Amino acid sequence: MELEQLKQQFENVFKEKQGKEFFAPGRINLIGEHIDYNGGHVFPCAITIGTYGIASKREDSLIKLYSENFPELGIISFDVGDLDYRKEDAWTNYPKGMIRYLKENGHEIQHGMNILYYGTIPNGAGLSSSASIELLTGVILQNLFKLELEELELILIGKKVENQFIGVNSGIMDQFAIGKGQKNQAILLDCETLEYEMVPVELGHHKIVIMNTNKRRELADSKYNERRSECDQALKELQTKLKINSLGQLDEATFNENKFLLSAPNLVKRARHAVTENQRTLKAATSLKSGDLNGFGKLMNASHRSLRDDYEVSGIELDTLVESAWLQPGVIGARMTGAGFGGCGIAIVAEDQIDSFIKIVGASYNEKIGYQADFYIASISDGAKYL
Ligand code: GLA
């Protein structure tokens, strides 16, 4: 849907014309998976698939939210003074959480507002539609109420909404990528210190292809929290001897010398993923900076194997797409991206091979899994902003 149509739709839904336009991207992660909450490095970028918002301030205290993606839910409204989580408020709990925590941080939001949302991120695809809604709401509030704040505050509040309002124990990567993204740049982020470096994504005659399994990720949140507690447990056991604050502080040699401290084989596998993935991410950023695309691709492949075998978060759908991608001509590297258990993979593919890549990988997926995968070319975009 075009922006002009969205504005028209805003007028139809709210019977007024004064809406301002905003956009927040989704994200892919090039490498560095399940390591943000382990104090390691991640390497995500914002993408042009994302969420649009048309918004205006109201004179009363009502917040009225409408999504083009859930027209059957109609306008969901609540009072600016009543910001408790409610299951029946469905997707609007994300914006509600943002408003609540911004107010708790001392920002003045006393009026209501009308907001129309429209997301181009496929549902449950693991491209961070929820963080996109959070940051979109954040920039809308900042603009409408002239809030004095730094981007980082919105990023941290977005994470707090996930962790405390919604109840998913996720890390900082998604909100950071969506808040700080820049066109054609990936963000090498140290999740322990939040220091970061923008790295140009120069892929020559290659493009990033997003491969959507179309597998619903129902189990994802509980499995996600389970992996987090396994890592916490592994860290605790390693801390009986080592002076570390996170698994991200370990190099492979130190980990190997000390893994006998871990009480179960699963803990060894989870911690080994965290340690090796952090090292791979640092190496991958160096490869990209020096133009060593093949080196970068090999690290992507190794990342997928580690997520499949040690962290056990991929599953047959993602493995089928990624492993079939590895076999195709013109592919530099491929891996799952995001939390896993369904969702999307990414592959770096030579431009002139993309059509046949999609055909062959798509057909072999359909044959093995029994339904279709979708493919999109990723363009790397700016972070959340007023248009
Ligand atoms: C989800 C979480 C992120 C990160 C990834 C896995 O996207 O929201 O914080 O942990 O999974 O890398």
Side-chain angles (χ1 to χ4, degrees), residues 24-47 49-50 94 97 121-135 155-181 186-192 194 196 210 212-213 215 217-232 246-248 270-271 273-278 280-281 284 299-300 303-304 306-308 310-315 318 322 335-346:
R27 68 99 188 85
I28 50 174
N29 186 19
L30 298 180
I31 190 165
E33 216 65 81
H34 285 282
I35 173 79
D36 56 351
Y37 53 82
N38 284 311
H41 292 77
V42 295
F43 202 28
C45 22
I47 53 177
I49 306 174
Y94 293 97
I121 304 177
N123 242 346
L127 301 175
S128 290
S129 55
S130 65
S132 180
I133 294 174
E134 287 153 14
L135 271 287
I155 291 169
L156 293 171
I157 288 181
K159 176 174 185 289
K160 188 169 169 188
V161 170
E162 296 286 345
N163 298 165
Q164 296 183 20
F165 208 67
I166 307 292
V168 182
N169 231 340
S170 48
I172 191 72
M173 171 170 77
D174 302 345
Q175 287 79 12
F176 204 94
I178 289 169
K180 292 273 188 197
I187 309 172
L188 178 63
L189 170 66
D190 178 339
C191 299
E192 184 86 34
L194 297 188
Y196 67 101
I210 299 175
N212 186 354
T213 61
K215 150 109 191 245
R217 300 176 41 222
E218 277 139 6
L219 273 177
D221 295 349
S222 59
K223 281 280 168 197
Y224 186 94
N225 287 346
E226 180 185 299
R227 288 295 175 280
R228 269 206 81 146
S229 15
E230 287 170 330
C231 288
D232 290 345
S246 71
L247 295 176
R270 307 303 186 239
H273 168 74
V275 173
T276 57
E277 183 74 352
N278 189 38
R280 275 189 291 273
T281 305
L299 290 159
M300 286 176 76
S303 163
H304 186 81
S306 178
L307 288 154
R308 180 190 66 190
D310 273 351
Y311 218 65
E312 298 180 275
V313 292
S314 62
L318 280 167
V322 169
R335 59 183 291 277
M336 55 162 271
T337 192
F341 307 106
C344 287
I346 51 171

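In each ligand, atom 1 is the first atom listed, and ligand 1 is the first ligand listed. Only a predicted model underlies this, so the values are computations on that prediction, with no experimental measurement involved.
Atom OG1 in Thr337 sits 11.5 Å away from atom NE2 in His304 (nearest 0.5 Å). The line from CD of Glu162 to OH of Tyr94 is 5.5 Å long, rounded to the nearest 0.5 Å. Annotation: the span from Leu247 atom CG to Cys231 atom SG amounts to 5.5 Å, rounded to 0.5 Å.
Annotation for ligand 1: atoms under 4.0 Å from non-hydrogen atoms of Tyr37 are 10 (O). Applying the 4.0 Å criterion to heavy atoms of Gly171 picks out, from ligand 1, the atoms 9 (O). The atoms of ligand 1 that sit less than 4.0 Å from any heavy atom of Ala339 are 1 (C), 11 (O). Against a heavy-atom cut-off of under 4.0 Å, Tyr224 is close to the following atoms of ligand 1: 1 (C), 2 (C), 3 (C), 4 (C), 9 (O), 10 (O), 11 (O). The contact set between ligand 1 and Met173, taken as ligand atoms under 4.0 Å from a residue heavy atom, comprises 4 (C), 5 (C), 12 (O). Proximity to Asp36 (heavy-atom distance under 4.0 Å) selects the following atoms of ligand 1: 3 (C), 4 (C), 9 (O), 10 (O).
Of the N or O atoms in Asp174, one or more lie within a sub-3.5 Å distance of an N or O in ligand 1. No N or O atom of Ile35 sits closer than 3.5 Å to an N or O atom of ligand 1.
The closest side-chain heavy-atom distance from His41 to Glu192 is not below 4.5 Å.
Using bins of under 30°, 30° to 60° and over 60° for the plane-to-plane angle, the ring pair Tyr224/His34 lands in the tilted bin. Using the six-membered ring where Trp is involved, Tyr196 and Phe176 have ring planes that are perpendicular, over 60° apart on the 30 and 60° scheme.
Only side-chain heavy atoms of Arg27 come within less than 4.0 Å of ligand 1; its backbone N, CA, C and O stay farther off.
A salt bridge links Glu230 with Arg227: at least one charged nitrogen is closer than 4.0 Å to a carboxylate oxygen.
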